[in-house]
Amino acid sequence: MIVLSGVNKWFGELHVLRDINLSIGRGEVVVVIGPSGSGKSTLCRAINRLEPISQGEIVFDGVRLPEEGRPLARLRSEVGMVFQSFNLFAHKTVLENVMLGPVKVRKEKPAVVRERAMGLLERVGIAKQADKYPAQMSGGQQQRAAIARALAMQPKAMLFDEPTSALDPEMVGEVLDVMTTLAGEGMTMVVVTHEMGFARHAANRVVFMADGQLVEEASPAEFFANPRSDRAKDFLSKIL
Ligand code: ADP
Ligand code: MG
């Protein structure tokens, strides 16, 4: 579904992605962990082309992008992204936020989109909040709205970049529950998170990054029981 080959990225002199090779199968849930500054966000941004790469290639669903005649907007609508900050439009209701992409970008019929959007709000457990503005909701509700908004574009894969890091602790669970359900339904997911419980239970694979390199990849059971590299051992000793 997503194949990165020999991906390198420099910000000026700074080598932030070092020869990354990673293949993510359809329906697979890959959790990316690693110290701050190791390149996790840049990796996510590279996958949906918010950030151009310096070298290598990324193939998404069999297509190398960007490719002539296949605009970036198309790829971006195929890859949903959820960030640490919820990034909802403050002056629009939750329902309007969820409907915006399909109606404005995809030119779908509002009536059709509304029905889908309400279904998604139901799925993430905030249908009752549909007409509220983001500021009237809790952080956990806002992040669930952001997930619904990404899903409204009917993406083929979802990227989550520390989706629970900005939340109060009591709201982390409700967002992880939505993500766990999504994973169980077969969504292809790349999740950057420090929530090791989620990694253990929902991930098919854990990828450990440090200094722009993909240092280790293993099943969660294998990785947590038996991290091979000193970097991973050191990282785990600090967060577990
Ligand atoms: P992580 O998400 O693992 O914390 P990032 O991908 O955000 O790491 O950052 C990797 C490195 O790239 C860091 O050293 C960071 O300071 C640097 N970096 C990230 N974005 C930019 C940018 N737009 N310009 C210059 N350096 C950046
Ligand atoms: Mg980051």
Side-chain angles (χ1 to χ4, degrees), residues 2-24 29-58 60 65-66 72 75-76 79-88 139-140 142-143 146-147 150 155 157-169 171-172 175-176 179 188-199 202-203 205-218 220 223-224 227-240:
I2 308 171
V3 183
L4 294 89
S5 316
V7 171
N8 280 279
K9 166 81 185 171
W10 283 266
F11 284 117
E13 298 281 284
L14 193 64
H15 198 176
V16 289
L17 295 179
R18 297 170 183 251
D19 205 29
I20 302 284
N21 295 293
L22 179 64
S23 182
I24 298 160
V29 178
V30 173
V31 164
V32 180
I33 65 173
S36 174
S38 56
K40 307 180 298 296
S41 294
T42 305
L43 182 74
C44 284
R45 294 168 60 81
I47 290 173
N48 80 341
R49 299 303 201 281
L50 288 169
E51 203 71 76
I53 56 174
S54 312
Q55 249 178 37
E57 69 168 21
I58 301 177
F60 182 81
L65 284 161
L72 273 182
L75 168 77
R76 298 230 175 94
V79 184
M81 183 133 184
V82 175
F83 302 90
Q84 181 173 334
S85 53
F86 324 124
N87 289 333
L88 297 168
Q142 289 185 57
Q143 193 60 306
I147 294 171
M158 289 280 286
L159 309 177
F160 294 85
D161 190 1
E162 300 201 29
T164 60
S165 296
L167 296 175
D168 292 332
M171 291 165 191
V172 168
V175 172
L176 293 178
M179 291 166 59
T188 305
M189 292 166 55
V190 177
V191 183
V192 178
T193 185
H194 299 297
E195 294 295 333
M196 296 301 120
F198 178 82
R205 193 149 42 116
V206 173
V207 166
F208 176 71
M209 281 184 78
D211 295 331
Q213 274 175 311
L214 199 161
V215 177
E216 265 187 71
E217 51 177 315
F223 179 76
F224 290 113
R228 290 186 301 267
S229 64
D230 289 340
R231 295 295 310 258
K233 284 178 196 161
D234 181 53
F235 179 75
L236 288 175
S237 75
K238 284 177 183 144
I239 61 159
L240 290 181

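All residue numbers in this chain count up from 1 along the given sequence. Remember, it's 1-based here, ligands and their atoms both numbered in the order they're listed. The shown structure was predicted, so the numbers you read here are calculated from the model rather than taken from an experiment.
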Q: Please report the closest heavy-atom contact between L17 and G39, naming both atoms and the distance.
A: CD2-O, 3.6 Å
Q: Work out which heavy atom in F83 is nearest to a heavy atom in Q143; give both atom names and the distance.
A: O-NE2, 2.7 Å
Q: What residue and atom, counting heavy atoms only, is the protein's closest point to atom 7 (O) of ligand 1, and at what distance?
A: S41 CB, 3.6 Å
Q: Got a protein heavy atom sitting under 4.0 Å from atom 15 (C) of ligand 1?
A: no
Q: As an exercise, state the distance from CD of Q84 to CD of E162, rounded to the nearest 0.5 Å.
A: 5.5 Å
Q: Closest non-hydrogen protein atom to atom 10 (C) of ligand 1, residue and atom name please, with distance?
A: G37 O, 3.4 Å
Q: Locate the shortest heavy-atom distance separating P155 from A150; write the atom from each residue and the value.
A: CD-O, 3.4 Å
Q: Quick one: nearest non-hydrogen protein atom to atom 8 (O) of ligand 1, plus distance?
A: G39 N, 3.1 Å
Q: Could you state the interatomic distance from CZ (R231) to CG (D211), rounded to the nearest 0.5 Å?
A: 4.5 Å
Q: Return yes when G34 approaches ligand 1 closer than 4.0 angstrom through a heavy atom, no otherwise.
A: no
Q: With a 4.0 Å cut-off on heavy atoms, does P35 reach ligand 1?
A: yes
Q: Does L14 approach ligand 1 within less than 4.0 angstrom via side chain, backbone, both or neither, non-hydrogen atoms only?
A: side chain
Q: For S38, take its heavy atoms, then give the atoms of ligand 1 lying under 4.0 Å from any of them.
A: 1 (P), 3 (O), 8 (O)
Q: Any idea which heavy atoms bring A46 and I53 closest together, and the distance?
A: CB-CG2, 3.7 Å
Q: Over 60° means perpendicular and under 30° means parallel, so classify the ring planes of H194 and F235, tilted if in between.
A: tilted
Q: With L4 as reference, evaluate L22, L214, D19, N21 under the side chain to side chain contact (heavy atoms under 4.5 Å, CB included) test and give the passing residue.
A: L22
Q: With only distance considered, is K40 within less than 3.5 Å of ligand 1 through an N or O on each side?
A: yes
Q: Compare every heavy atom of G212 with every heavy atom of I20, then report the nearest pair and how far apart it is.
A: CD1-O, 3.4 Å
Q: Would one find an N, O or S atom of S41, in either backbone or side chain, under 2.8 Å from the Mg ion (ligand 2)?
A: yes
Q: Record the part of V16 in heavy-atom contact with ligand 1 below 4.0 Å; permitted values are side chain, backbone, both and neither.
A: side chain
Q: In the protein, which heavy atom is nearest to atom 24 (N) of ligand 1, and how far is it?
A: F11 CD2, 3.4 Å
Q: For atom 5 (P) of ligand 1, which candidate among I33, T42, V32 holds the nearest heavy atom?
A: T42
